[in-house]
Asker: 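This is the structure, below, for whatever I ask next.
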Amino acid sequence: MHWADHTAQRLSNRGGPQVSCSGITPSGEFHVGHLREILSAEMIHRACLDAGLESEYVFIVDSMDPLRRVYDFLSDSYERYIGHPLAYIPAPGPDGEPGDGSNSYAEHFLNPFLESLEEIGVSPRVIMNHETYESGGFAESIDRSISMKVEIRELIESISGRELDDGWFPYNPRDSKGSMDGVTVTGYEKPFVHWIDSHGVEGRSDIRGGDGKLPWRVDWAARWIIHGVTCEPAGKDHGAAGGSYDTGIPICRLLGGKPPDKMTYEWIQLKGMGAMSSSSGLTIGPMEALELVPPEIMRYIIARSKMGRHIEFDTGSSLFQAAEEYERLVAEPPEEEDGMSKRQRVAVRTQKGAIRLSQSVRGSEPSESIGGVSFSHLSMLAQIKKSDEVVWDSLRKSGHLEGDPSTSLIGRLAKMRSWIGGSHFPEDGRVRILTEARDEVREEIGQEGVVFLEGLCLALEDGGWDYESIGACIRETADKVGTPRRMGYTILYRILLGRDYGPKASTLIGEMSRDDFVSLARSYFQE
RNA sequence: GGGCCUGUAGCUUAGUCAGGUAGAGCGCCGGGCUUUUAACCCGGUGGCCGGGGGUUCGAAUCCCCUCAGGCCCGCCA
């Protein structure tokens, strides 16, 4: 059974309406790794719906989290915002300088990400955490936390092994400048927390507003209660022993809630480059990834892997592999058959689940996502056909397409073109036509090849320069000089691409000019 | 120091929670195909399940130890 379906089954035992949740801090550019966070939860949500449960998917944006430090892409001017909630800091401009404040730091990074989510069929209920604070949503939890300060403190210290300092308080007020760093709480009179800040200024924060927040480990437990979260897959960092999941669960109970089960997922790694990290600069943003990868394939990459496994995200040749695997499964959906072992049945169900959950539109027919044309075929066409119209013509001729291309097919071609045009496209997927003879090829094709090419050049002198005529010439020449047709094609692929296989030979040749082809072929039999 | 994940065929992996004769895809090899969309069809090759010990009638699966890789323990998906 697919992990999402399995989780849905567990959640149905828990009962009640289901709320799957993700939480991400918008401290910098979003990257592909974040898609796993989102999709893991969203797929569980869909599996719940498919299981007939009432379910919702919410995306909580940690907009109340403070800016930790001045990141590389920020100017030094951001020094003064350290400790301020991301929702109350102006967005950086292209130069890294703070903007005019019309757009907050949190929104600045969040908005493009939401667009990416739209594209892969994820439309969460977005909750800006700072708004929940502002509207007083956290007030009760804050009050409870303060009254249970001793118990919470003990829990965190004993489970995480951390020693909290004497001034620790389960609420971090914002100081006279708006920062949450270096503020000492001096007292609590519901609903006000009194404090003195590092500048010596005294003040008070209303727990019913955005004047401060719960510390992370308590915040997490509290939001589960506030939003009724029943399931929240978290990055493995939260899952470490003594990590925030281990403290969140008992704290949530202490505050009177029913926490979700601990569930963690592994990182996505960039092939050969280690884990995604905003600070290392080695990231592929979701926008960038989705410019290359069709939505269903992106979802499939997440859906086919169990949560506990690393995913090597690679925009090179393994993307072809993933796409082909997806297409194969869609073309021939696995079915349970008599005589299958229990394991085989499980495998079939898992694969069917992965395909189902990979659709960007829930419940849509998987074969529509492919649009009748395989990923690798499209990559070839996109490389040898300059204009989209010619690609459609070719597809109509080959019977892949009737009438106008679908929106999804147009999108696929556009993505394919940007993939091919960019630096991520794998070399061995590239169709590069050679322009002159190569010694090793000369050796491979031997005398038989020379005779065949001579005959072919002769045959191509006259006649039309269209795929059909060219194809006919190839077949006729092969028969005439006594070369098996298969060998004739192999010879052509060798001189054209330096490989034994390739896209349809007549199509390839037809894309060249007659002179170019003849001069390439001649270079093998003329000194 | 503490903890987590992973290790199954050349590659990607299923099966591990609920122990019952090792499954799949790709690749590779062979055959077929008198238009080769890197295609398609048929057949085949291939694994002491990282290693060792234990529990059991029976272990890839449970327990202990060990090796290797990745990672977490202020914040980070």
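Please read all numbers here as calculations on a predicted model, not as lab measurements. Proteins get letters first, then strands, A, B, ... in listed order; numbering begins at 1 in each.
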Asker: Rounded to whole angstrom units, what separation is found between the CZ atom of A/Arg162 and the P atom of B/C73?
Answerer: 11 Å

Asker: Would A/Ser63 and A/His130 count as having a side-chain donor-acceptor pair, cut-off 3.5 Å?
Answerer: yes

Asker: Taking the side chain as C-beta and beyond, is there a heavy-atom pair between A/Val32 and A/Met298 under 4.5 Å?
Answerer: yes

Asker: Can you find a heavy atom in the side chain of A/Leu114 that is under 4.5 Å from one in the side chain of A/Phe59?
Answerer: yes

Asker: Measure the distance from CG on A/Asn129 to P on B/C75 and round it to the nearest whole Å.
Answerer: 16 Å

Asker: Measuring from the side chain of A/Arg309 (C-beta onward, heavy atoms only), which nucleotide among B/A77, B/C71, B/U6 has the closest atom?
Answerer: B/U6

Asker: So which one's nearest nucleotide on RNA chain B is more toward 5', A/Arg217 or A/Ser376?
Answerer: A/Ser376

Asker: When all nucleic acid strands are considered with a 4.0 Å heavy-atom cut-off, which category describes A/Gly308: base, sugar-phosphate, or nothing?
Answerer: sugar-phosphate

Asker: For RNA chain B, what is the dot-bracket line, given that a base pair needs Watson-Crick (N1 to N3, plus N6-O4 or O6-N4) or G-U wobble (N1-O2 and O6-N3) geometry with both distances under 3.5 Å, and | means paired with another strand?
Answerer: (((((((..((((......[..)))).(((((.......))))).....(((((..]....))))))))))))....

Asker: Using side chain to side chain contact (heavy atoms under 4.5 Å, CB included), reason through A/Ser394 and A/Thr507 one step at a time and then give a plain yes or no.
Answerer: CA-CA 9 Å; A/Ser394 163; A/Thr507 317; 5.6 Å; no

Asker: From the list B/C17, B/A77, B/G74, which nucleotide is the closest neighbour of the side chain of A/His6?
Answerer: B/C17

Asker: Could you tell me whether the side chain of A/Ile268 reaches within less than 4.5 Å of the side chain of A/Ile301, counting heavy atoms only?
Answerer: no

Asker: Could you tell me if A/Glu325 and A/Tyr300 have a donor-acceptor pair between their side chains, going purely by distance under 3.5 Å?
Answerer: yes

